[in-house]
Asker: 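Can you read through this structure? Questions will come right after.
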Amino acid sequence: MVAMTQLRVGERAKIVDLSRVSDLVKRRLLDMGVTEGAEICLKCTMPLGGPFMIENCGQCVGIRRNEAMNIQVKPL
Amino acid sequence: MMHIALVGNPNTGKTSLFNQLTGTYEYVGNWSGVTVEKKVGVLRNKQAKVIDLPGVYSLHPLSRDERVVTQFLLTESFDEILNIVDASQLERNLLLTVQLLEFGKPLAIALNMVDVAEGRGIFIDQTKLATMLRVPVVPVIARTGKGCDQVEHLLLEKATEQTEPLALFYGGTMERAIERFRAAWGTEEKFPVRWLAIQFYEGNSYVRDYVAEKLPEATWRSLYEQAEKEVQQAEQMPPAQFIYERRRSFVKEIIEQSVQRKEIERVTLTDRIDAVVTNKYVGIPIFLLAMYVLFQLTFDWLGAPLSDLLDAFFAGPLTNVVTAMLETIGASEFIRALIVDGIIAGVGGVLVFVPQIFILFFFISFLEDSGYMARVALVMDRLMEAVGLNGKAFIPLIIGFGCNVPGVMAARTIEQPRERLVTMLLTPLMSCSARLPVYALFVGAFFATHQALVVLSLYVLGVLLALILAKLFSLTILKEEASVFVVELPPYRMPQWQALWRSTWDKGKGFVKKAGTFIFGGSVAIWLLSYVGPHGVNVNMDDSFLAMIGGVLAPFLAPLGFGTWQAGAALLTGFLAKEVVVSTMNIIYHVPDVESLQGLMASHFTPLSAFSFMVFVLLYVPCLATVATIYKETRSRKWTMFSIGYALVLAYIVSFVIYQVGSLFGF
């Protein structure tokens with residue numbers, strides 16, 4: 001189990017733990033179907049510590065690096 | 001007439017379906033109390049009205065436009081719900097459907113983008129889905145209009161049916177809590193109490209406010225706290241999460257039985273575009289390039305030739321025809337002067353910019369509809385984070401280039417209230433298209449060789465000041481609030497012409513309307529003030545009332561380089577709408593077209609004072625319409641006054657520095 005920030009671009013992983021993510025972001029991620037157990041793929045990262053773009057079932061979501069750091073995933 | 005509410009997740013093709021079903025709008029208005037767009041259309045067969053609600057993921061609202069849907073369900077009367085569902089994202093779409101079914105109104109599902117879903121290997125058995133949900137399901141392709149006829153038929157048949165609300169079982173603990181709520185609430189005729197109870201326990205803020213109006217605070221608090229305690233004990237999670245999980249497993253069950261998946265490994269077009277557009281290294285340069293092309297098209301390649309044609313028409317044929325007509329009917333000199341020098345000069349001077357404004361709005365609509373705008377938020381987030389805001393705040397700023405009013409409104413997609421406030425306060429610094437006539441006038445007169453560069457410098461100045469102030473405000477106003485950023489990136493879609501034209505027209509018509517009202521009235525008033533003075537009518541303009549009023553301001557403006565009564569009067573009237581500055585100048589300098597005006601102005605301004613004047617116009621106060629919108633959105637007199645006050649101070653300081661420093665260097 002690693003933080004999402006450890007993933008390489010293009011790598012797929014399963015979300016294990018979302019509990020440390022801030023409430024608002026967690027609610028939005030749930031709205032978009034990104035929950036514990038969901039399979040995601042890291043699509044790209046923006047430079048200079050910018051946001052991460054992840055894909056889940058063909059749906060892309062952008063979140064900040066500091067939130068991604070709090071998401072625990074298991075690489076597939 | 002029947003009323004049908006159109007509800008669905010964001011980016012599911014709701015607007016396309018609405019356009020297909022209704023043909024034309026009945027009207028576009030605002031929801032009471034909030035400036036969230038309310039669109040109502042009539043079905044093509046004229047038998048029902050369709051109300052387009054904002055896209056939401058859940059009835060439990062996070063941002064301000066999401067509250068509108070819950071508010072609508074509870075307070076407005078309607079006959080049925082048309083729920084648009086994205087077939088390629090069935091799970092999260094059905095989570096909303098469950099909440100709508102619990103509400104118990106007649107409901108039909110328009111299953112959109114079946115083609116996209118099949119391309120991804122998702123095959124949906126519609127009959128099975130319809131049986132399991134116990135509502136009719138019609139597959140549609142909203143973009144092409146396929147299936148929309150069936151939807152229309154279905155809607156008309158459906159409304160008369162009685163529907164039982166879905167009673168999803170939430171487990172013993174939760175059900176007992178629902179029963180307690182029911183006992184406290186009493187009888188209710190308008191909607192199912194069960195729905196209200198579930199939304200209340202889920203933490204829906206609108207429903208909580210609604211409940212708090214009827215039940216005493218002690219009662220609803222103890223209801224909530226007891227449920228929270230018991231659910232936490234029994235299920236090891238808060239009620240909101242438990243309710244979510246329960247719905248999710250219900251939806252999963254439905255999907256399992258009605259959906260077949262085939263593994264298709266395919267790189268979609270969106271993936272390919274994103275590989276470039278959101279690339280780590282070229283993402284930002286591509287965005288800047290896109291902005292450059294957008295402005296060149298609007299102001300140079302396409303817009304300028306069209307504007308010149310219009311200007312030539314107003315100054316030449318139109319003025320001649322009108323003058324000739326007035327002579328034939330024997331109109332007095334007063335009427336002739338009012339119409340030709342007042343109205344044609346004033347209103348025409350502004351209408352000339354209609355082509356450029358429409359082109360700009362067209363491209364902004366294109367960026368919005370294609371899905372690129374969300375990428376802009378992603379690409380710009382790092383920069384915005386550095387100044388204390390988030391990437392979504394960049395979108396209102398871009399829209400603000402078209403017009404500050406929709407820019408301020410676009411800030412409502414930002415979830416954090418303080419970030420939203422700062423974004424609204426800063427949007428007026430974006431140089432809107434109404435300021436363009438002013439630049440065009442001065443740049444043509446004083447900077448003929450570097451037109452584009454000078455105008456660009458003003459746009460850049462606005463953006464830079466907005467970023468600097470954002471940092472300043474985030475260290476003061478925003479201090480106690482952490483910035484949050486999460487954005488959905490919808491797949492790219494080629495915008496449809498019809499939809500593009502509609503949204504361009506919706507945005508641009510306000511400008512034309514303004515020319516017929518504010519600017520028309522303003523032009524007549526200004527002309528009258530310049531025609532009448534303390535010593536009678538038809539006075540020399542320097543002895544008119546306008547000169548007196550402008551003269552009061554002149555000494556204050558002198559340190560900025562434009563201490564004339566003409567500048568003072570123009571700026572004063574510019575509060576109505578910034579383009580009125582040009583109308584006023586046209587009238588004051590009493591000239592038929594832009595070219596002769598530019599010649600005359602050379603005696604009143606130097607290039608340096610002209611630049612200082614343009615900077616002042618860029619910054620000095622948001623126009624009347626923007627101020628009204630800021631007030632409506634913030635609902636705060638204090639912040640509205642602040643938006644005017646800080647802009648005035650900023651404009652004065654920046655123009656002062658530019659003029660004084662420039663003078664020192666001998667410009």
Side-chain angles (χ1 to χ4, degrees), chain A residues 3-12 14-71 73 76, chain B residues 9-11 56-58 60 62-63 86 88-93 95-96 116-117 119-122 203 240-241 244-245 248 251 268 270-271 274-275 277-281 283-284 371 374-375 377-383 385-386 390-392 415-416 482-491:
Chain A
M4 190 184 275
T5 40
Q6 305 288 311
L7 294 177
R8 276 168 288 118
V9 171
E11 198 174 358
R12 305 196 71 86
K14 196 169 228 158
I15 294 190
V16 182
D17 183 12
L18 276 176
S19 59
R20 282 165 55 216
V21 180
S22 67
D23 283 344
L24 207 144
V25 174
K26 191 156 63 187
R27 247 302 300 283
R28 272 282 180 258
L29 289 176
L30 289 189
D31 282 342
M32 293 185 228
V34 181
T35 53
E36 281 149 15
E39 201 184 305
I40 56 110
C41 173
L42 179 63
K43 296 297 259 189
C44 68
T45 60
M46 291 289 125
L48 307 168
F52 277 49
M53 178 164 139
I54 56 172
E55 181 253 15
N56 155 258
C57 300
Q59 155 79 61
C60 293
V61 188
I63 51 168
R64 281 200 172 143
R65 172 183 281 269
N66 59 0
E67 304 286 359
M69 216 143 63
N70 288 334
I71 299 177
V73 297
L76 294 175
Chain B
N9 281 17
N11 303 310
V56 288
Y57 298 104
S58 153
H60 170 174
L62 275 185
S63 70
D86 178 353
S88 63
Q89 297 294 339
L90 207 52
E91 184 176 317
R92 73 177 165 96
N93 277 260
L95 283 173
L96 176 65
V116 179
R120 284 209 199 120
I122 302 167
Q241 197 188 340
Y244 173 86
E245 294 292 347
R248 192 152 164 260
V251 167
T268 62
T270 294
D271 288 334
D274 271 341
V277 160
T278 58
N279 180 282
K280 193 166 186 166
Y281 306 102
I284 292 174
R375 271 76 181 178
L378 185 81
V379 168
M380 298 311 287
D381 180 64
R382 185 63 193 89
L383 176 69
E385 190 184 10
N390 77 59
K392 280 186 188 172
E415 288 91 352
Q416 302 278 77
S483 166
V484 170
F485 174 71
V486 51
V487 66
E488 178 184 353
L489 303 157

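Just so it is clear: chains get the letters A, B, ... in the order the sequence lines come, proteins before strands, and each one is counted from 1.
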Asker: Any idea which of A:Lys43, A:Arg64, A:Met46, A:Met53 has the most non-hydrogen atom pairs under 4.5 angstrom with chain B?
Answerer: A:Arg64

Asker: Show me the side-chain donor-acceptor pairs of residues 29-40 of chain A shorter than 3.5 Å, one per line, residues at least two apart or across chains.
Answerer:
residue, atom, partner, partner atom, Å
A:Asp31, OD2, A:Arg28, NH1, 3.1
A:Thr35, OG1, B:Arg248, NH2, 2.8
A:Glu36, OE2, A:Leu18, N, 2.9
A:Glu39, OE2, A:Arg12, NE, 3.0

Asker: If every non-hydrogen atom of B:Phe485 is compared with every non-hydrogen atom of B:Lys392, which pair is closest and at what distance?
Answerer: CE1-N, 3.9 Å

Asker: Checking heavy atoms, do the side chain of B:Val379, its backbone, both or neither come under 4.5 Å from chain A?
Answerer: both

Asker: Is B:Glu385 in contact with chain A via its backbone, its side chain, both, or neither, using a 4.5 Å heavy-atom distance?
Answerer: both

Asker: Using 0.5 Å steps for rounding, measure from the CD atom of B:Glu488 to the OH atom of B:Tyr57.
Answerer: 3.5 Å

Asker: Measuring heavy-atom distances to chain A, does B:Tyr281 have an atom under 4.5 Å in its side chain, in its backbone, in both, or in neither?
Answerer: neither

Asker: Identify the heavy atoms of A:Glu67 and A:Ser22 that sit nearest to each other, and give their distance.
Answerer: OE2-OG, 3.2 Å

Asker: Taking the side chain as C-beta and beyond, is there a heavy-atom pair between A:Met69 and A:Thr5 under 4.5 Å?
Answerer: yes

Asker: Tell me, please, which residues at least two apart from A:Asn56 pass side chain to side chain donor-acceptor pair (under 3.5 Å).
Answerer: none

Asker: Using non-hydrogen atoms only, which part of B:Gln241 is less than 4.5 Å away from chain A: side chain, backbone, both, or neither?
Answerer: neither

Asker: Between B:Asn390, B:Ile284, B:Asn11, who has the most heavy-atom pairs with chain A when the cutoff is under 4.5 Å?
Answerer: B:Asn390

Asker: Do you know which of B:Thr278, B:Asp274, B:Asn93, B:Asn9 has the most heavy-atom pairs under 4.5 Å to chain A?
Answerer: B:Thr278

